[in-house]
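Numbering of residues begins at 1 and proceeds along the displayed sequence.
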Amino acid sequence: MFARRHGLHLLGTASTWLLLDVSYFSQSLFQKEIFTAVGWLPAAHTMGALDELFNFTRAQTLVALCGLIPGYWVTVILIDIIGRVTIQLIGFFFMTVFMLALAIPYHHWIQKHNSTGFVVMYALTFFFANVGPNSTTFIVPEEIFPARFRSTCHGISAAAGKAGAIIGAFGFLYAAQDQDKSKADPGYPASIGIKNTLFLLAAVNVLGLLFTFLVPEPNGRSLEEISGEIEECESNKSNPITDQFN
(Lines give C-alpha, C1' and ligand atoms only; values in the text may rest on other atoms or scores of the structure.)
Protein backbone atom coordinates (compact mmCIF):
# COMPACT_ATOMS: atom_id res chain seq x y z
CA MET A 1 0.00 0.00 0.00
CA PHE A 2 2.77 2.46 0.95
CA ALA A 3 4.80 1.75 -2.20
CA ARG A 4 1.77 2.21 -4.41
CA ARG A 5 0.62 5.43 -2.76
CA HIS A 6 3.90 7.06 -1.72
CA GLY A 7 6.74 5.22 -3.48
CA LEU A 8 7.18 7.84 -6.19
CA HIS A 9 6.84 10.61 -3.62
CA LEU A 10 9.73 9.12 -1.62
CA LEU A 11 11.78 8.76 -4.79
CA GLY A 12 11.05 12.42 -5.52
CA THR A 13 12.04 13.75 -2.07
CA ALA A 14 15.15 11.55 -1.79
CA SER A 15 16.43 12.19 -5.32
CA THR A 16 15.89 15.96 -5.22
CA TRP A 17 17.68 16.23 -1.86
CA LEU A 18 20.56 14.11 -3.19
CA LEU A 19 20.88 16.09 -6.42
CA LEU A 20 20.68 19.43 -4.63
CA ASP A 21 23.48 18.48 -2.25
CA VAL A 22 25.71 17.22 -5.07
CA SER A 23 25.46 20.67 -6.64
CA TYR A 24 25.30 22.77 -3.48
CA PHE A 25 28.22 21.18 -1.62
CA SER A 26 30.35 21.16 -4.77
CA GLN A 27 29.92 24.92 -4.95
CA SER A 28 30.16 25.58 -1.21
CA LEU A 29 33.21 23.56 -0.24
CA PHE A 30 35.41 24.58 -3.15
CA GLN A 31 34.75 28.30 -3.42
CA LYS A 32 38.44 29.02 -2.84
CA GLU A 33 39.48 26.89 -5.82
CA ILE A 34 36.81 28.47 -8.04
CA PHE A 35 37.62 32.04 -7.00
CA THR A 36 41.33 31.41 -7.50
CA ALA A 37 40.71 29.90 -10.95
CA VAL A 38 38.89 33.03 -12.15
CA GLY A 39 41.49 35.35 -10.61
CA TRP A 40 39.28 36.85 -7.92
CA LEU A 41 41.59 35.50 -5.24
CA PRO A 42 45.40 35.32 -5.54
CA ALA A 43 46.98 31.88 -5.68
CA ALA A 44 47.52 30.41 -2.21
CA HIS A 45 51.33 30.27 -2.56
CA THR A 46 51.46 34.05 -3.10
CA MET A 47 49.78 34.88 0.23
CA GLY A 48 50.59 34.45 3.87
CA ALA A 49 48.24 32.46 6.08
CA LEU A 50 46.48 35.53 7.49
CA ASP A 51 46.14 37.13 4.04
CA GLU A 52 44.65 33.93 2.65
CA LEU A 53 42.21 33.68 5.57
CA PHE A 54 41.14 37.31 5.19
CA ASN A 55 40.68 37.20 1.41
CA PHE A 56 38.78 33.91 1.42
CA THR A 57 36.57 34.95 4.34
CA ARG A 58 35.78 38.23 2.57
CA ALA A 59 34.79 36.36 -0.59
CA GLN A 60 32.58 33.91 1.31
CA THR A 61 30.95 36.73 3.25
CA LEU A 62 30.07 38.60 0.07
CA VAL A 63 28.52 35.45 -1.43
CA ALA A 64 26.54 34.85 1.76
CA LEU A 65 25.30 38.44 1.99
CA CYS A 66 24.39 38.65 -1.70
CA GLY A 67 23.06 35.12 -2.18
CA LEU A 68 22.47 32.84 0.78
CA ILE A 69 20.79 35.12 3.31
CA PRO A 70 18.49 37.01 0.89
CA GLY A 71 17.53 33.68 -0.67
CA TYR A 72 16.27 32.30 2.62
CA TRP A 73 14.21 35.40 3.33
CA VAL A 74 12.62 35.34 -0.12
CA THR A 75 11.66 31.72 0.54
CA VAL A 76 10.14 32.63 3.91
CA ILE A 77 8.02 35.30 2.20
CA LEU A 78 6.95 33.28 -0.86
CA ILE A 79 6.75 29.65 0.20
CA ASP A 80 3.14 29.82 1.44
CA ILE A 81 2.10 32.05 -1.46
CA ILE A 82 3.36 30.15 -4.51
CA GLY A 83 3.84 26.72 -2.91
CA ARG A 84 6.72 24.38 -2.09
CA VAL A 85 6.92 22.55 -5.41
CA THR A 86 6.69 25.72 -7.51
CA ILE A 87 9.45 27.46 -5.57
CA GLN A 88 11.62 24.32 -5.80
CA LEU A 89 11.13 24.21 -9.58
CA ILE A 90 12.04 27.90 -9.81
CA GLY A 91 15.18 27.30 -7.74
CA PHE A 92 16.44 24.35 -9.80
CA PHE A 93 15.60 26.13 -13.06
CA PHE A 94 17.58 29.28 -12.27
CA MET A 95 20.45 27.31 -10.73
CA THR A 96 20.71 25.60 -14.13
CA VAL A 97 20.48 28.91 -15.99
CA PHE A 98 23.25 30.57 -13.97
CA MET A 99 25.48 27.49 -14.08
CA LEU A 100 25.23 27.52 -17.87
CA ALA A 101 25.78 31.29 -17.90
CA LEU A 102 29.05 30.66 -16.05
CA ALA A 103 30.12 27.59 -18.03
CA ILE A 104 29.37 28.57 -21.65
CA PRO A 105 31.41 31.83 -21.67
CA TYR A 106 33.84 30.51 -19.03
CA HIS A 107 36.91 31.91 -20.80
CA HIS A 108 35.26 35.34 -20.72
CA TRP A 109 34.78 35.14 -16.96
CA ILE A 110 38.37 34.11 -16.18
CA GLN A 111 39.70 37.36 -17.64
CA LYS A 112 40.86 39.44 -14.69
CA HIS A 113 38.58 42.41 -15.41
CA ASN A 114 35.54 40.08 -15.52
CA SER A 115 36.14 38.22 -12.26
CA THR A 116 33.71 40.39 -10.26
CA GLY A 117 30.94 39.57 -12.74
CA PHE A 118 31.70 35.88 -12.30
CA VAL A 119 31.37 36.18 -8.52
CA VAL A 120 28.00 38.00 -8.86
CA MET A 121 26.69 35.25 -11.15
CA TYR A 122 28.09 32.62 -8.80
CA ALA A 123 26.33 34.26 -5.84
CA LEU A 124 23.06 34.13 -7.80
CA THR A 125 23.32 30.34 -8.03
CA PHE A 126 23.39 30.28 -4.22
CA PHE A 127 20.51 32.75 -4.08
CA PHE A 128 18.31 30.48 -6.19
CA ALA A 129 19.48 27.39 -4.31
CA ASN A 130 18.04 28.96 -1.17
CA VAL A 131 14.99 30.33 -3.02
CA GLY A 132 13.96 26.76 -3.57
CA PRO A 133 15.52 23.35 -3.05
CA ASN A 134 17.91 24.18 -0.23
CA SER A 135 14.86 25.22 1.79
CA THR A 136 12.11 22.99 0.42
CA THR A 137 13.88 19.62 0.29
CA PHE A 138 13.78 19.31 4.09
CA ILE A 139 10.29 20.83 4.44
CA VAL A 140 8.33 18.70 1.95
CA PRO A 141 9.16 15.26 3.43
CA GLU A 142 7.74 16.45 6.75
CA GLU A 143 4.41 17.23 5.11
CA ILE A 144 3.54 14.65 2.47
CA PHE A 145 3.93 11.30 4.23
CA PRO A 146 1.55 9.59 6.71
CA ALA A 147 2.37 10.22 10.37
CA ARG A 148 3.47 6.61 11.01
CA PHE A 149 6.04 6.80 8.17
CA ARG A 150 6.92 10.48 8.28
CA SER A 151 10.12 10.35 10.32
CA THR A 152 11.37 7.29 8.41
CA CYS A 153 10.73 8.87 5.01
CA HIS A 154 12.29 12.15 6.12
CA GLY A 155 15.31 10.21 7.39
CA ILE A 156 15.68 8.33 4.08
CA SER A 157 15.44 11.60 2.15
CA ALA A 158 17.98 13.28 4.46
CA ALA A 159 20.35 10.31 4.14
CA ALA A 160 20.14 10.62 0.36
CA GLY A 161 21.04 14.28 0.76
CA LYS A 162 24.11 13.42 2.82
CA ALA A 163 25.14 10.90 0.18
CA GLY A 164 24.83 13.72 -2.35
CA ALA A 165 27.04 15.93 -0.18
CA ILE A 166 29.73 13.23 -0.13
CA ILE A 167 29.50 12.80 -3.90
CA GLY A 168 29.68 16.56 -4.37
CA ALA A 169 32.64 17.02 -2.04
CA PHE A 170 34.82 14.23 -3.39
CA GLY A 171 33.55 14.35 -6.96
CA PHE A 172 34.23 18.05 -7.44
CA LEU A 173 37.68 17.71 -5.88
CA TYR A 174 38.68 15.33 -8.67
CA ALA A 175 36.48 16.61 -11.51
CA ALA A 176 37.65 20.23 -11.22
CA GLN A 177 41.31 19.35 -11.77
CA ASP A 178 42.75 20.89 -14.92
CA GLN A 179 42.83 18.82 -18.10
CA ASP A 180 46.55 19.56 -18.27
CA LYS A 181 48.24 17.26 -15.75
CA SER A 182 50.98 19.84 -15.12
CA LYS A 183 48.33 22.32 -13.89
CA ALA A 184 46.45 19.85 -11.68
CA ASP A 185 46.95 19.96 -7.92
CA PRO A 186 49.79 17.78 -6.64
CA GLY A 187 48.67 14.20 -6.11
CA TYR A 188 45.59 14.48 -8.34
CA PRO A 189 45.14 13.19 -11.89
CA ALA A 190 44.11 15.44 -14.76
CA SER A 191 40.35 15.65 -15.13
CA ILE A 192 37.62 17.62 -16.91
CA GLY A 193 38.37 21.08 -15.44
CA ILE A 194 36.14 23.68 -13.81
CA LYS A 195 34.32 24.68 -17.02
CA ASN A 196 33.13 21.15 -17.75
CA THR A 197 32.37 20.59 -14.08
CA LEU A 198 30.00 23.58 -14.21
CA PHE A 199 28.26 21.94 -17.19
CA LEU A 200 28.01 18.73 -15.16
CA LEU A 201 26.47 20.59 -12.20
CA ALA A 202 23.98 22.24 -14.56
CA ALA A 203 22.93 18.75 -15.71
CA VAL A 204 22.54 17.71 -12.05
CA ASN A 205 20.23 20.69 -11.50
CA VAL A 206 18.15 19.71 -14.54
CA LEU A 207 17.69 16.24 -13.05
CA GLY A 208 16.64 17.85 -9.76
CA LEU A 209 14.05 19.90 -11.62
CA LEU A 210 12.66 16.81 -13.37
CA PHE A 211 12.46 14.70 -10.19
CA THR A 212 10.61 17.55 -8.46
CA PHE A 213 7.59 16.64 -10.61
CA LEU A 214 7.29 13.42 -8.56
CA VAL A 215 6.56 15.45 -5.42
CA PRO A 216 2.94 16.49 -4.66
CA GLU A 217 2.19 20.08 -3.69
CA PRO A 218 1.38 20.21 0.06
CA ASN A 219 0.65 23.93 0.25
CA GLY A 220 -2.82 24.80 1.55
CA ARG A 221 -3.72 21.21 2.42
CA SER A 222 -3.84 19.45 5.79
CA LEU A 223 -1.22 16.83 6.62
CA GLU A 224 -3.92 14.14 6.70
CA GLU A 225 -5.24 15.14 3.28
CA ILE A 226 -1.78 15.26 1.70
CA SER A 227 -0.71 11.88 3.08
CA GLY A 228 -3.97 10.18 2.06
CA GLU A 229 -4.85 9.26 5.65
CA ILE A 230 -8.39 10.67 5.34
CA GLU A 231 -8.98 8.57 2.21
CA GLU A 232 -7.60 5.51 3.95
CA CYS A 233 -9.84 5.98 7.02
CA GLU A 234 -12.93 6.45 4.85
CA SER A 235 -12.04 3.34 2.86
CA ASN A 236 -11.65 1.29 6.04
CA LYS A 237 -14.98 2.55 7.38
CA SER A 238 -16.73 1.52 4.20
CA ASN A 239 -15.09 -1.93 4.29
CA PRO A 240 -15.25 -3.08 7.92
CA ILE A 241 -14.88 -6.78 7.03
CA THR A 242 -11.79 -6.13 4.95
CA ASP A 243 -10.42 -3.95 7.74
CA GLN A 244 -10.63 -6.82 10.23
CA PHE A 245 -8.28 -8.90 8.12
CA ASN A 246 -5.83 -5.99 7.71
Side-chain angles (χ1 to χ4, degrees), residues 15-45 52 55-56 59-60 62-64 66-68 71 91-112 114-134 137 160-212:
S15 59
T16 52
W17 205 334
L18 182 148
L19 292 164
L20 165 72
D21 280 3
V22 169
S23 178
Y24 188 82
F25 278 86
S26 294
Q27 294 173 255
S28 299
L29 295 177
F30 297 100
Q31 288 181 50
K32 184 168 74 71
E33 286 76 4
I34 292 171
F35 293 154
T36 301
V38 299
W40 205 58
L41 289 179
H45 67 271
E52 183 177 5
N55 286 323
F56 182 48
Q60 282 193 312
L62 287 173
V63 169
C66 297
L68 294 172
F92 273 126
F93 175 78
F94 280 104
M95 286 171 71
T96 304
V97 168
F98 285 109
M99 281 290 183
L100 292 175
L102 291 173
I104 293 172
Y106 180 73
H107 294 293
H108 165 80
W109 295 120
I110 61 176
Q111 304 301 315
K112 190 168 182 61
N114 295 325
S115 59
T116 301
F118 180 95
V119 174
V120 171
M121 299 282 280
Y122 192 69
L124 284 170
T125 65
F126 283 101
F127 175 81
F128 282 104
N130 283 3
V131 182
N134 200 38
T137 49
K162 301 308 158 277
I166 294 170
I167 294 168
F170 286 97
F172 189 92
L173 184 62
Y174 284 89
Q177 298 300 320
D178 200 281
Q179 292 173 304
D180 183 347
K181 179 68 172 72
S182 65
K183 296 180 181 178
D185 291 340
Y188 291 95
S191 191
I192 62 176
I194 289 179
K195 176 180 179 177
N196 291 323
T197 301
L198 292 172
F199 277 118
L200 186 60
L201 293 179
V204 168
N205 292 329
V206 170
L207 288 175
L209 186 150
L210 295 175
F211 276 105
T212 297

**Q.** Residues forming a side chain to side chain contact (heavy atoms under 4.5 Å, CB included) with Lys181, sequence neighbours excluded
**A.** Ala190

When rounded to the nearest 0.5 angstrom, what distance separates [atom1] in [X] from [atom2] in [Y]?
X      : Y      : atom1 : atom2 : value
Tyr106 : Ile194 : OH    : CD1   : 4.0 Å
Leu198 : Ile104 : CG    : CD1   : 11.0 Å
Phe126 : Met121 : CZ    : CE    : 14.0 Å

Q.
Could you work out, with side-chain hydrogen bond (donor to acceptor under 3.5 Å, both in side chains) as the rule, every residue matching Thr125, not counting sequence neighbours?
A. Gln27

Q) Which pair of heavy atoms, one from Met95 and one from Pro133, lies closest together, and at what distance? A) SD-CG, 3.9 Å

Q. Are any non-hydrogen side-chain atoms of Leu20 and Phe92 less than 4.5 angstrom apart?
A. yes

Please list, chain by chain and in numerical order, all residues satisfying ring-ring contact (aromatic ring centres under 6.0 Å, His included) with [X], sequence neighbours excluded.
X      : value
Phe128 : Phe94, Phe98
Phe127 : none
Phe211 : none

Just distance, no hydrogens or angles: give the donor-acceptor pairs under 3.5 Å from side chains in residues 168-179, sequence neighbours left out.
residue : atom : partner : partner atom : Å
Gln177  : OE1  : Asp185  : N            : 2.7
Gln177  : NE2  : Leu173  : O            : 2.9
Gln177  : NE2  : Asp185  : OD2          : 3.3
Asp178  : OD1  : Asp180  : N            : 2.8

When the side chains of residues 200-210 are checked against the rest of the protein, which donor-acceptor pairs come out under 3.5 Å, sequence neighbours left out?
residue : atom : partner : partner atom : Å
Asn205  : OD1  : Ser23   : OG           : 3.2
Asn205  : ND2  : Leu201  : O            : 3.3

Q. Which side chain to side chain donor-acceptor pair (under 3.5 Å) pairs, counting each pair once, include a residue from residues 93-103, with sequence neighbours left out?
A. none

Q: Show your reasoning for whether side chain to side chain contact (heavy atoms under 4.5 Å, CB included) applies to Trp17 and Asn134.
A: CA-CA 8 Å; Trp17 205 334; Asn134 200 38; over 6 Å; no

